[in-house]
**Student:** 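My questions will all concern the structure given below.
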Protein chains: 2
Amino acid sequence: MTTEERIQKQKEVVEQIGRHFDKEGFQPIAGRILGLLLVMDKEKYTFDEIIEELQISKSSASNALRNLEIRGDIEYITLPGDRKRYFRFRKHHSGSIIEDIEKKLNNLRELSMAILQLKADPQSENAKYLIEMQHSLGVFLESIAQSKLKLQSDK
Amino acid sequence: MTTEERIQKQKEVVEQIGRHFDKEGFQPIAGRILGLLLVMDKEKYTFDEIIEELQISKSSASNALRNLEIRGDIEYITLPGDRKRYFRFRKHHSGSIIEDIEKKLNNLRELSMAILQLKADPQSENAKYLIEMQHSLGVFLESIAQSKLKLQSDK
DNA sequence: TTATTGGTTCGGTATGTTGTGAACTAAATA
DNA sequence: TATTTAGTTCACAACATACCGAACCAATAA
């Protein structure tokens with residue numbers, strides 16, 4: 001694979017990553033920026049380089065970058081004697097994907113417990129379903145806890 | 001807790017469930033319908049009851065119900081000699097939450113492998129991050145597999 | 001002091017989403 | 001055959017979002 005080809009493919013993956021993050025609730029441009037910072041060989045981009053590479057306006061870039069920074073997905077550094085900011089992908093510690101899932105499932109479990117407690121008939125179809133679901137969630141959350149321990153000890 | 005109070009609380013939980021499903025990408029009304037069918041003691045609702053309960057238009061109800069049915073989240077039954085459809089929550093087998101997560105993580109892993117393969121420098125910061133993430137995902141997917149086995153045998 | 005650089009903020013447009021009411025349809029009933 | 005029931009479809013209004021260009025600002029350079 002030539003360098004050209006590789007770069008071409010990288011740009012396609014930037015687009016894919018963009019779509020991935022769209023689905024996670026990011027705005028399209030924010031997804032593309034994240035993709036750019038993560039995928040390309042150059043891992044630090046200036047504001048102007050981002051605009052140039054993605055062909056977007058300054059205002060769009062400004063807004064998306066601010067949002068991404070607030071969310072903690074990117075960060076920037078500055079170099080002495082250089083007013084430009086260099087943006088880069090911010091490594092959330094790698095367990096955070098798992099922790100997000102954990103949080104969501106705990107949430108779901110609590111919701112389902114709230115529903116169950118308000119059921120007049122604890123033998124109703126939905127009540128039985130909720131009980132089963134809570135069991136599954138319990139098993140799953142348990143295994144998440146174990147994964148976390150294992151990852152901790154791997155370090 | 002009186003029945004009145006209980007019903008009041010159930011309605012609040014319907015709203016909560018609605019918001020939960022909103023976040024999962026459902027349209028607001030669809031989330032409320034799902035909440036209604038799942039939370040209230042009456043676990044089968046007709047079209048008109050849904051409209052009445054949620055104070056929504058026929059067209060909104062019609063659309064949301066069609067979408068929910070296509071997605072497999074609800075189903076309806078009909079009774080002989082009764083033209084009305086009775087909608088109810090459809091129990092997806094309780095592992096499906098887990099399977100959805102599994103699918104998403106596999107997706108993420110593939111994406112990150114694609115990125116890594118295109119990196120010129122496999123020692124770059126992002127490359128190292130991706131490798132670490134893939135390790136975490138591997139551990140986690142392994143434990144998901146175990147959870148699934150355990151749930152299988154619990155049955 | 002003026003000009004340039006590196007952005008931010010503002011106002012507006014284009015697009016997409018949600019929901020509505022009204023007209024419609026198909027089946028059952030009178 | 002006419003009417004009612006149970007919903008569907010259509011056209012549109014209201015609202016949200018995503019982005020852009022232009023004006024602006026603050027810091028540095030000339």
Side-chain angles (χ1 to χ4, degrees), chain A residues 14-37 42 44-71 73-88 90, chain B residues 14-37 42 44-71 73-88 90:
Chain A
V14 168
E15 178 60 25
Q16 272 186 62
I17 299 277
R19 290 196 302 265
H20 174 84
F21 284 115
D22 284 1
K23 285 184 209 148
E24 307 281 292
F26 290 77
Q27 36 184 176
I29 285 187
R32 296 333 176 258
I33 291 177
L34 228 32
L36 194 69
L37 298 183
K42 169 151 58 182
K44 288 189 192 80
Y45 276 80
T46 66
F47 192 90
D48 285 324
E49 286 167 344
I50 291 170
I51 284 171
E52 175 57 26
E53 196 67 46
L54 299 178
Q55 292 293 314
I56 57 178
S57 71
K58 287 169 92 178
S59 47
S60 302
S62 179
N63 283 317
L65 288 169
R66 185 162 45 77
N67 290 337
L68 286 170
E69 217 207 321
I70 289 168
R71 292 191 47 144
D73 295 306
I74 63 168
E75 59 192 357
Y76 67 85
I77 54 169
T78 50
L79 303 176
D82 184 349
R83 258 172 78 208
K84 285 195 275 292
R85 300 199 240 159
Y86 291 81
F87 295 94
R88 65 181 179 204
R90 175 149 172 255
Chain B
V14 168
E15 176 60 24
Q16 272 186 63
I17 299 276
R19 288 196 303 265
H20 174 84
F21 284 115
D22 283 2
K23 284 182 211 152
E24 306 282 291
F26 291 77
Q27 40 189 167
I29 285 187
R32 298 327 178 262
I33 291 177
L34 226 34
L36 194 70
L37 298 183
K42 167 150 61 179
K44 289 190 190 77
Y45 277 79
T46 66
F47 192 92
D48 284 326
E49 286 167 342
I50 290 170
I51 284 171
E52 174 58 26
E53 196 67 45
L54 298 179
Q55 293 293 314
I56 57 177
S57 70
K58 286 170 90 175
S59 46
S60 301
S62 178
N63 283 319
L65 288 168
R66 185 163 45 79
N67 290 337
L68 286 170
E69 217 206 323
I70 289 168
R71 290 191 48 142
D73 296 307
I74 64 169
E75 60 192 357
Y76 67 85
I77 54 168
T78 49
L79 303 176
D82 183 349
R83 257 173 79 207
K84 285 195 276 291
R85 298 198 243 162
Y86 291 81
F87 294 94
R88 66 180 180 205
R90 174 149 173 253

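Residue numbering restarts at 1 for every chain, and letters A, B, ... go by the order of the sequence lines.
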**Student:** Between C1' on D:dA29 and CG on A:Asp82, what's the gap in Å once rounded to a whole number?
**Tutor:** 14 Å
**Student:** Select one nucleotide: of D:dT9, C:dG6, C:dT8, the one nearest the side-chain heavy atoms of A:Asp48.
**Tutor:** C:dG6
**Student:** Tell me: CD1 of B:Ile51 to P of D:dA6, nearest whole Å?
**Tutor:** 11 Å
**Student:** For the base of C:dG6, is there a side-chain donor-acceptor partner from A:Lys84 under 3.5 Å away?
**Tutor:** no
**Student:** Is there side-chain contact between A:Tyr45 and A:Arg88, with heavy atoms separated by less than 4.5 Å?
**Tutor:** no
**Student:** Just the rounded figure in Å: distance from C1' of D:dC20 to CD1 of A:Ile50.
**Tutor:** 18 Å
**Student:** In terms of ring plane angle, is the pair A:Phe26 and A:Phe21 parallel, tilted or perpendicular, where the classes change at 30° and 60°?
**Tutor:** perpendicular
**Student:** As a test of reading the structure: which of D:dA18, D:dA6, C:dG19 is closest to the side chain of A:Pro28, going by heavy atoms?
**Tutor:** D:dA18
**Student:** Of A:Ser60 and B:Ser62, whose nearest nucleotide on DNA chain D comes first from the 5' end?
**Tutor:** B:Ser62
**Student:** Please state how far atom CG in B:Leu65 lies from atom C1' in C:dG19, giving the value in whole angstrom units.
**Tutor:** 14 Å
**Student:** Looking at the base of C:dG21, is there any donor atom on it, or on the side chain of B:Ser59, that sits under 3.5 Å from an acceptor on the other one?
**Tutor:** yes
**Student:** Would you say the side chains of A:Ser59 and A:Ser62 form a donor-acceptor pair under 3.5 Å?
**Tutor:** no
**Student:** Given that A:Ala61 and A:Arg83 both sit by DNA chain C, which one's nearest nucleotide is further toward the 5' end?
**Tutor:** A:Arg83
**Student:** Check A:Arg85, A:Lys42, A:Lys44 against A:Glu49 for a salt bridge (Lys or Arg N to Asp or Glu O under 4.0 Å) and give me the one that passes.
**Tutor:** A:Lys42
**Student:** Measure from the side chain of B:Ser57, starting at C-beta and using heavy atoms only, and say which of C:dT20, D:dC19, C:dG6 lies closest.
**Tutor:** C:dT20
**Student:** Nearest-Å distance, CZ (B:Arg66) to C1' (D:dC10)?
**Tutor:** 12 Å
**Student:** Of all the choices, C:dT20, D:dT8, C:dG7, which nucleotide is nearest to the side chain of B:Ile56 once you look at every atom?
**Tutor:** C:dT20
**Student:** Between B:Glu49 (CD) and D:dG7 (C1'), how many Å, whole number?
**Tutor:** 15 Å
**Student:** Ring centroids only, cut at 6.0 angstrom: are A:Phe87 and A:Tyr76 within range, meaning strictly under it?
**Tutor:** yes
**Student:** When you get a sec, tell me which of C:dG19, C:dT8, D:dA6 is the closest nucleotide to the side chain of B:Gln27?
**Tutor:** C:dG19
**Student:** Check whether any side-chain N or O of A:Arg32 sits under 4.0 Å from OP1 or OP2 of D:dA18, and answer yes or no.
**Tutor:** no
**Student:** Does B:Arg85 place a side-chain N or O at less than 4.0 Å from the phosphate oxygens OP1/OP2 of D:dG7?
**Tutor:** yes
**Student:** If I take atom NZ in residue A:Lys58 and atom P in nucleotide C:dG11, what distance separates them, rounded to the nearest angstrom?
**Tutor:** 18 Å
**Student:** Round to the nearest Å and state the distance from B:Glu52 atom CD to D:dG7 atom P.
**Tutor:** 15 Å
